[in-house]
Number of protein chains: 2
Amino acid sequence: MDRTILVVEDDPDILNLVIWHLESEGYRTLKSKDGRKCLETAIHEKPDLLVLDLMLPGMDGLEVCKTMKRNQATADIPVIMLTAKGEEVDRIVGFELGADDYLVKPFSPRELLLRIRAVLRRHEPPAQQRPGVLRHREMTVEPENYKVHIGREPIRLTVTEFNLLLDLLQNKGRVRSRDQLLDRVWGYQFEGYARTVDTHIRRLRQKIAPYAEDIETVRGVGYRFKET
Amino acid sequence: MDRTILVVEDDPDILNLVIWHLESEGYRTLKSKDGRKCLETAIHEKPDLLVLDLMLPGMDGLEVCKTMKRNQATADIPVIMLTAKGEEVDRIVGFELGADDYLVKPFSPRELLLRIRAVLRRHEPPAQQRPGVLRHREMTVEPENYKVHIGREPIRLTVTEFNLLLDLLQNKGRVRSRDQLLDRVWGYQFEGYARTVDTHIRRLRQKIAPYAEDIETVRGVGYRFKET
DNA sequence: TTTGCATGTCACAGAATCGTCATAATCGCA
DNA sequence: TGCGATTATGACGATTCTGTGACATGCAAA
């Protein structure tokens, strides 16, 4: 699962409280105290959901929300608004801004968690798009669990190896350049050499030995998982 | 592929660095040091993407961006902003101006390249317009995959051979001179003899043996892929 | 702290690929 | 038909790319 939630709130007490509850529920979290900064975070980190305080220094929550919905990169991220009593609830509820739900302070953490769960469920990608279990001959890969089996035998992969395998498998038949792989598996900000990919490909091949050949080297281009 | 990128930056060092990296990745490039001039260039040359420095002499990056987005001819060109640390990142991130992404200096060239690739991917024309699988009798060529089949049989081509075949096939029926082929397949910077093309044509003919005859030699001119 | 694992980097060897050249074959035209 | 120009071919050395093992670092568990 491992959803990431960005919390934007200027009151440090509330911020930490919310963060603490989210993390103890197993969510990954990001914080921001500033309306402007949080947009930046939203774009680069692509959280699965945003918990947004209405009253913020600088750019207020309404603005943040509107801006996000206008920007293609962030338009799909659901937003839960936090408001103090008496704030302009009506406009939020009107959802002119694209907020998906809202809570009036003071709220109970449990309620927040429930709302989050509900909103996430609503925004869950439909089953056929969701990464289900991937298969390749006798090998099964479970994206949600970081588990790989060949036949009955469990295969122990590191996170990097797993992500590498997953990306190749999800793009079966298509060549991925080393840079593309660095981008997708290691992330944008990684500043390493393309050679690193080779090493991990090697380790991956060793571990999925029976199918080592099915990771094809496309010389001068990159790697590709063999179709069927 | 062969996308054109306009880089607008007043610092010549950074400008040349960026240009160099872009070209070595195979992009065509245009430069501009001036906010006003670059608008003109953007309109006439229709680049596929703009890398725009925030701080510019004359008209600054924000203005350029806003102006571009107002003008129908340039509104669809994605923009990646470059900013020095501490500059008004917030307004950019607010995307009031329509920037599609941004980078804070100092940035790594690799990261810029990755962002460019990501933004271009987002703005990619829909699939039905993109060059799909090419066919010639029993032969299929998948441009994105570097894959060639004759019937069911996969054909192993090197990247150079593949690009050569692709260029000929995409221009079926038209003669290409050796110089044209050198430019398109080997790249402008290649400094070699035209005879090199002959050798690769030969290797290509061998590998696609059943259709060897379909690569016609046009004496004194170049080569041509026979119209079905 | 020590230990073990995951990771990224490096250097080197082997293999694939490339460009060039010499020579043979072919073509177009007088 | 014969000649010069052009192209095809095969070989070879040079270059580039990948696979591999070894190693340094960092992190986290013990």
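Naming convention: chains lettered A, B, ... in sequence-line order (proteins, then strands); numbering from 1 in each chain. Keep in mind that what you see is a predicted model, and the values were worked out from it rather than measured.
A residue-by-residue look at B/Glu191 and B/Arg156 shows that B/Arg156 has its nearest nucleotide of DNA chain C further toward the 5' end.
No engagement by A/Phe162 is indicated, since no non-hydrogen atom pair under 4.0 Å with the nucleic acid exists. Across all strands shown, A/Arg203 has heavy atoms under 4.0 Å from base atoms, whether or not it also approaches the sugar-phosphate.
Formation of a donor-acceptor pair under 3.5 Å by the B/Gln180 side chain with backbone atoms of B/Ser177 is found in this model. Side-chain atoms of A/Lys226 do not come within 3.5 Å of backbone N or O of A/Glu216 as any donor-acceptor pair. No donor-acceptor distance shorter than 3.5 angstrom exists from the side chain of B/Asp48 to the backbone of B/Leu120, with no hydrogens or angles considered. At distances below 3.5 Å, not a single donor-acceptor pair connects side-chain atoms of A/Arg174 with backbone N or O atoms of B/Glu144. Side chain of A/Arg205 to main chain of A/Ile215: a donor-acceptor pair is present (N/O by atom type, distance under 3.5 Å, no hydrogens or angles).
As a whole-Å value, the separation of A/Asn163 CG from C/dT7 P is 9 Å. Put simply, CD on A/Gln206 is 12 Å from P on D/dG19, counting in whole angstrom units. A straight line from CG of A/Leu181 to P of C/dT7 spans 15 Å, rounded to a whole angstrom. One can place OH of A/Tyr146 at 15 Å from C1' of C/dA6, the figure rounded to the nearest angstrom. With rounding to whole Å, A/Tyr193 atom OH is found 21 Å from D/dC23 atom P. In this entry the distance linking CZ of A/Arg205 with C1' of D/dG21 reads 16 Å, nearest Å. When rounded to the nearest whole Å, the span between CD1 of B/Ile201 and C1' of D/dA8 equals 12 Å. Look at CD on A/Glu213: it is 11 Å from P on D/dG19, rounded to the nearest Å.
Phosphate proximity of C/dG8 to A/Trp186: present, with a side-chain N or O under 4.0 Å from OP1 or OP2. For A/Arg219, no side-chain nitrogen or oxygen approaches OP1 or OP2 of D/dT16 to under 4.0 Å. Residue A/Arg195 has a polar side-chain atom (N or O) positioned under 4.0 Å from OP1 or OP2 of D/dT18. For the pair B/Thr199 and C/dG19, the criterion of a side-chain N or O lying under 4.0 Å from OP1 or OP2 is not met. Close to C/dT7, at under 4.0 Å from its OP1 or OP2, lies no side-chain N or O of A/His200. Residue A/Thr160 places at least one side-chain N or O under 4.0 Å from the OP1 or OP2 atom of C/dT7. Contact check, B/Thr217 against D/dT7: no side-chain N or O comes under 4.0 Å of OP1 or OP2. Applying the 4.0 Å criterion to OP1 and OP2 of D/dG19, one finds that A/Tyr223 has a side-chain N or O inside that range.
Candidate nucleotides D/dT20, D/dA8, D/dA22 were compared by shortest atom distance to the side chain of A/Asp198, and D/dT20 ranks first. Across C/dT7, D/dA11, D/dT18, the shortest atom-to-atom separation from the side chain of A/Arg178 is found for D/dT18.
Ring pair B/Tyr146/B/Phe162 is tilted by interplanar angle, where 30° to 60° counts as tilted.
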